[in-house]
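In what follows, chains are A, B, ... by sequence order, proteins preceding strands, each numbered from 1.
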Amino acid sequence: MHASRSHLPATGDADALLRLVAACRAPAHLPSLRAAHARLLLLLHPAHPSAAPARVKLIQAYAACSALPAAHAVLESSCSPDRGAAAHAATICFNVLIRALTAASLHRDALRLFASMRPRGPACFPDHYTYPLALKSCAASKDLLLGLQIHTAVAKLRLDANLYVAHSAISMYARCGRPEDAYRVFDGMQHRDLVSWNAMISGFARAGLFERAVEVFKEFVALQCSVPDAGTMASILPAMGNAKADDILFVRKVFDEMQFKELISWNAMLAIYANNGYHVKAVELYLRMEKDGVEPDSVTLATVLPPCGELSAFSVGKRIHEIIKRKRMLPNLLLENALTDMYASCGCLKDAREIFDSMSARDVISWTSIISAYGKHGHGRESVDLFEKMLEQGLEPDSVAFVAVLAACSHAGLLGVGKRYFDSMTRRYHITPKAEHYTCMVDLLGRAGCISEAYDFITAMPIEPNVRVWGALLQACRIHSNMDIGIVAADNLFRLVPEQTGYYVLLSNMYARAGRWADVTSVRSVMVNKGIKKLPGASIVELGDRVYTFHIGDRCHPQSEMIYQKLDELLKRIRGIGYNPEVEATLHDVEEEDKEGHLLVHSEKLAIAFLLINTSPETPIRVTMNLRTCGDCHLAAKLISTITNREIILKDTNRIHHIVQGVCSCGDYW
DNA sequence: GTAGGGTTAG
């Protein structure tokens, strides 16, 4: 059917139809789209000047409605040889469809379509719009060979002066593991814009050359030829894991100086803090977003929830949950996983379980979160049951899932179960154990009393045992008073981390317990000679929107007087029900004369007293600390929970003590 | 009427 000239004035109708076409953005719109398409075929002669743009709109619309075959059919109708007048339009149609394919991550399909263009003749030749798309698909599918071919072709066509083409080449090389080739493209550019720098920063970051990424970032900022944007922030982010404090400060300064802070810039800054253990900074920055009225998205919230968990910042975490509900962001796997972990980490196992149970879909991360939650609370059996349920669902446990279940076994003393899991991890799932797995096993064996077995386990390790592995062994030796192996563990620790006093203290405690006072003295003198200072124990608590930190014997807090009064009163009362400061723990502070006095002002105790003063009677007390809590504080916390009738949640570096009416969820096995 | 860099969970 060919429209006669009389149809041409009908473009008014065609315009209306095209607006309708452009409005079709979801599969539900397909019927209207098909109807509009049919009417357009009647209205527009294929040679009509409006026919080509119409086809582009149709391809876009079909793609948006997830009807890629239909989009493809429109494309095929656009490149017949007799459409000479619409020569260039054919290339545009290809570009639009390739774009749709890359957006759907169908990179192989995109590349196949790309490869089919040139053989169809000059009307279909790829252009400077096509090449960036093709290079992007090469990058995504890590196809360096094809990427190289395309980049060579591009250079021959002299299209490499085009910024878009150059940027996609930089990205392609970097993502295919050739950062130096990426840099060669960047270095050879006659003109660079903001995106050029972002592409290079991102390229080095993605390729793992973090220092180079930071270097380029700094050079770009120093040049002051253009202002960093959200793309710059997001590009430097992957290079900022385990970053130097100075570099984090530098990025923060850049962030602060940005005139317009896009949401992604906030999100990237939050992630940099979160990834580097700057939990307080992350929560503070989030609170500033709230204050400044910056609307968070799901990425913001998923980024700031883990720091909330780390700090046990329950009220901020809970408020974020409210925001998530209010904004109807659920279901969202990432957010639900982050919420599960945040609640668990704040000691709210029940809320964590509620989130987990309410989820419509769960992945290994969801299961790992809840398994680890029960484990940290000392409910090893529940963890194991959940792990088995996960297997029943047909999910494949990964390395982190095994860390969670092995840690749960060690926290609950489930020796046989733990051993079986370690075995199945290697034999059945072919996962190579990492240091974390070995640490769990040494802890599990050691605390169950199998010290020699734990030691043999270490000597048989195919990787170099790290500080945590030896630390777990030393801890076990202390509990079971195994001096011989304890000394071996201590020796290795002094070799690995000569500056960490915690281990000197553990060793000296062991000697003290064995009555070997001469050895106690010699360990002490080593510490004195080396000028070793104890890693300051710190407890943090959340009150309102603020996080407070307490150190041992801290008198910095404005309420200091009240806190010490409260603590005195508490100690008097718990002495009445059997509290005696634990002798052994006094050696934590070997350098102090007044041992008992010092023990009584451990940061955990100060933090508990502070919260008792400042919160209402039904509020649980949440304290997070940077070391393992000492036996004396654990006992004191249990007794304080009894006399004050308060729930106390004491989180230390590897587990959560949930204390209710004098009973701790750890069952005193820790 | 099309293209480049870039953020989130165990």
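No more than 12 heavy-atom neighbours from other residues, nucleotides or ligands sit within 6.0 angstrom of NZ on K281(A). By the neighbour-count criterion of 12 heavy atoms within 6.0 Å, atom CD of Q224(A) is sparsely surrounded, having that number or fewer from other residues, nucleotides or ligands. Surrounding NZ of K327(A) are more than 12 heavy atoms belonging to other residues, nucleotides or ligands, all under 6.0 Å away.
Under the 3.5 Å distance criterion, with hydrogens and angles disregarded, a donor-acceptor pair is assigned to the side chains of R252(A) and Y273(A).
Here A268(A) lies out of heavy-atom contact (under 4.0 Å) with every strand. When heavy atoms are screened at a 4.0 angstrom cut-off, I92(A) is found touching base atoms of the nucleic acid. Among the heavy atoms of the strands lying under 4.0 Å from L237(A) are primed sugar atoms or P, OP1, OP2 only; no base atom is included. Backbone-only contact: T303(A) has heavy atoms under 4.0 Å from sugar-phosphate atoms and none from a base. Within 4.0 Å of V403(A), counting heavy atoms only, lies no atom of the nucleic acid at all. Here D363(A) lies in heavy-atom contact (under 4.0 Å) with a base. Residue E336(A) is out of contact with every strand shown, counting any heavy-atom pair closer than 4.0 Å. Residue-level contact check: R362(A) touches neither bases nor backbone, having no heavy atom under 4.0 Å from any strand.
A 4.0 Å heavy-atom criterion places the boundary nucleotides of DNA chain B facing chain A at dG1(B) to dG10(B), written 5' to 3'.
Taking the six-membered ring where the residue is Trp, the centroids of F217(A) and W197(A) are separated by 6.0 Å or more. A centroid separation of less than 6.0 Å is found between the aromatic rings of F387(A) and F402(A).
Taking 4.5 Å as the limit, some side-chain heavy atom of D109(A) sits within range of a side-chain heavy atom of R112(A).
Counting only distance, with no hydrogens or angles, the side chain of S410(A) and the backbone of A407(A) share a donor-acceptor pair below 3.5 Å. Checked by atom type and distance alone, the side chain of N275(A) never pairs as donor or acceptor with a backbone atom of M240(A) at under 3.5 Å.
Contacts between residues 153-170 of chain A and DNA chain B, counted as heavy-atom distances below 4.0 Å, involve N162(A), L163(A), Y164(A), H167(A).
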